[in-house]
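Here is the structure we will look at, set down as structure tokens.
We're numbering straight along the sequence, starting at 1. Since we're looking at a predicted model, the values are computed, not measured.
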Amino acid sequence: MRTGADYTAALDDGRSVYVDGELVANVAEHPAFAGVVQTMAAVYDASCLPGSPLVDPDTGRLAIFTVPRTREQHDRRKATLEEWSRLTHGFIGRGPDHVSGLLAGFSSRPELFDTDTHQLGDSVLAYHDKAAAEGLWVTNSIVPPQQNPNDPTSRVRPVVLVEETDLGIVVDGAQMLGTGAAVADAIFVTSIRPLAPEETARALSFVIPVGTPGLRLLCRRPYATAGESFDYPLSNRYDETDAMVVFDRVLVPWESVFAAGSVQVVNSQFFGTAAHQIGNLQSIVRLTAKLRFLTGVASLVAKANGRDTDMAIKGQLAEISMIQTVSEALTESAHAFAEPDEHGVLRPAGKYLYAALGMQTEVYPRAVKLLGELAGGGVIQVPSSVRDFDDPVAAEGMDVVMGSDHLPVQERVKLFKLAWDLVGSEFAGRHVQYERFYSGNAAVVRAQAHRFYPFAETEALVGDFLGTYGL
């Protein structure tokens, strides 16, 4: 099994990561990335413990890469996703547990990637096997950069196929939202947006190591550098970063290419295989864990204010808990009602999976809003830094404002700093915005929810009732 030290060492590969105008020498040691690297290293170390639920005992590999063909494999994979989310409280959105599901789905139907021009099904199988054997963190960058189609001067260029060579394909351009890319091993690149028939140059699907020459990552502002862990406990540990992924005529070896110039393959790779359903089980498992953590913070905040017996406050806590419970119920149902597809792969039940994904855009922002209302001004009335406790005069003043025998001032400040990192910090704002678009285009998700809902059954109920009376 890959250890945390193995993962950390692999990041020192000459990758070109830019942040705050600086080319980062070693991401594992840079303040912007060190916290999330340590978090993920701890997860890898957890997988090395005897009997770890992260590992498939039949293969000795991380179970997140398992293609679930039996109910036992299906159950084990869900247990692994739950443990992964428990260790990160659902705040690492594009960790190794996400794209691993896409790769497993792709490999469940490799023939889809074979065309008259390119037979790449074997590459899909081989890369999935490699990633599973090495325990790689593969993130994705599947969204083209935003572009004004009415601006003739725009130089925005999504990643495109430049040429094919004996060694591989040469690509150029850029993709947005490479979440976790700076601290991952590799990036899966394709287009989540359906392509038009003439967009063959953009019809790409491949995986590229982050340290590949010609690949540059331009990171957004890091949140891990906002302050010390006491003041920004989530930002310090879980800021997975997002980056613009820029390709300067990058060579992608054929063994890492899944599609080159085939619009049909790119448009069908997610839904023509089990990839979208297997991969997005992680999405709803992770969201459930995240909402569970937020519910715990909300309950503690109410108790800290001595309002936990107030009926109005109980009502707000109940609403947060109901959001979490519905998410958990849909997740359990998606898993429990899974059925094998025509290729023998157990897919989470689409009726429940896509209902959960469709609600995701609304429920997390709603839960954060409710937490903010419960916390009130308490998340603002906190000292600027943990260092204020070093000043006896400042500490005495804080004790007058916030201290009690029930909850010492240090513990109260600690709790409300955590709540602020959930509702008001840059990290918090990013997560609200991110959850709105986590599952991709809302219209596509709703279309899948419509596809899997048994409207015929409900229509039959009404039809039977209509048949019981007449003019």
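Within 6.0 Å of CZ in Arg446 there are 12 or fewer heavy atoms belonging to other residues, nucleotides or ligands. The environment of Glu134 atom CD is dense: over 12 non-hydrogen atoms of other residues, nucleotides or ligands sit within 6.0 angstrom. Atom CG of Asp122 has 12 or fewer heavy atoms from other residues, nucleotides or ligands within 6.0 Å. Counting heavy-atom neighbours within 6.0 Å of Gln119 CD, excluding the residue itself, gives a total above 12. Around CD of Glu111, the count of heavy atoms belonging to other residues, nucleotides or ligands within 6.0 Å exceeds 12. Taking a 6.0 Å sphere around NE2 of His450, one finds it holds 12 or fewer heavy atoms contributed by other residues, nucleotides or ligands.
Atoms CD and NE2, on Gln282 and His98 in that order, are 6.0 Å from each other to the nearest 0.5 Å.
Under a 3.5 Å cut-off, the side chain of Asn267 and the backbone N or O of Leu195 do form a donor-acceptor pair. In terms of modelled atom types and a separation under 3.5 Å, the side chain of Asp239 and the main chain of Tyr223 share a donor-acceptor contact. No donor-acceptor pair under 3.5 Å is formed between the side chain of Asp97 and the backbone N or O of Ile64. Ser235 contributes no side-chain N or O that, together with a main-chain N or O of Ala224, makes up a donor-acceptor pair within less than 3.5 Å. Looking only at distances, a side-chain donor or acceptor of Gln175 sits under 3.5 Å from a matching main-chain atom of Thr190. Between the side chain of Thr3 and the backbone N or O of Cys48 there is no donor-acceptor pair closer than 3.5 Å.
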All N/O donor-acceptor pairs, side-chain side in residues 242-252, below 3.5 Å, sequence neighbours left out:
from, atom 1, to, atom 2, distance (Å)
Asp242, OD1, Thr179, OG1, 2.7
Asp242, OD1, Arg430, NH2, 2.8
Asp242, OD2, Arg220, NE, 2.6
Asp242, OD2, Arg220, NH2, 3.1
Asp242, OD2, Arg430, NE, 3.1
Asp242, OD2, Arg430, NH2, 3.4
Arg249, NH2, Glu163, OE2, 3.0

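Looking only at atom types and distance, the side chain of Arg451 has a donor-acceptor partner in the side chain of Gln448 under 3.5 Å away. The closest side-chain donor-acceptor pair between Ser262 and Thr115, if any, does not fall under 3.5 angstrom. Between the side chains of Ser425 and Asp421, at least one donor N or O sits under 3.5 Å from an acceptor N or O. Residues Gln269 and Ser205 have side chains that bring a donor and an acceptor to within less than 3.5 angstrom of each other. Using a 3.5 Å distance cut-off with no hydrogens or angles, the side chains of Tyr232 and Arg237 do not pair a donor with an acceptor.
Residue pairs meeting the side-chain hydrogen bond (donor to acceptor under 3.5 Å, both in side chains) criterion with at least one partner in residues 40-55, sequence neighbours excluded, are Arg2-Tyr44.
With sequence neighbours left out, the ring-ring contact (aromatic ring centres under 6.0 Å, His included) criterion links Tyr352 to Phe337. For Phe188, the ring-ring contact (aromatic ring centres under 6.0 Å, His included) test picks out Phe106, with sequence neighbours left out. Under the ring-ring contact (aromatic ring centres under 6.0 Å, His included) criterion, His276 pairs with Phe271, Tyr354, sequence neighbours left out. Every ring-ring contact (aromatic ring centres under 6.0 Å, His included) that Phe293 has, sequence neighbours left out, goes to His89, Phe91.
Taking the charged nitrogens against the carboxylate oxygens, Lys130 and Glu255 have no contact shorter than 4.0 Å, which rules out a salt bridge. Under the 4.0 Å criterion applied to side-chain N and carboxylate O atoms, Glu435 and Arg366 are not assigned as salt-bridge partners.
Remark: of the listed residues Arg61, Arg77, Arg76, Arg76 is the sole one forming a salt bridge (charged side-chain N to carboxylate O under 4.0 Å, His left out) with Asp56.
Residues Arg193 and Arg202 form a side-chain contact, since some pair of their non-hydrogen atoms from C-beta on lies under 4.5 Å apart.
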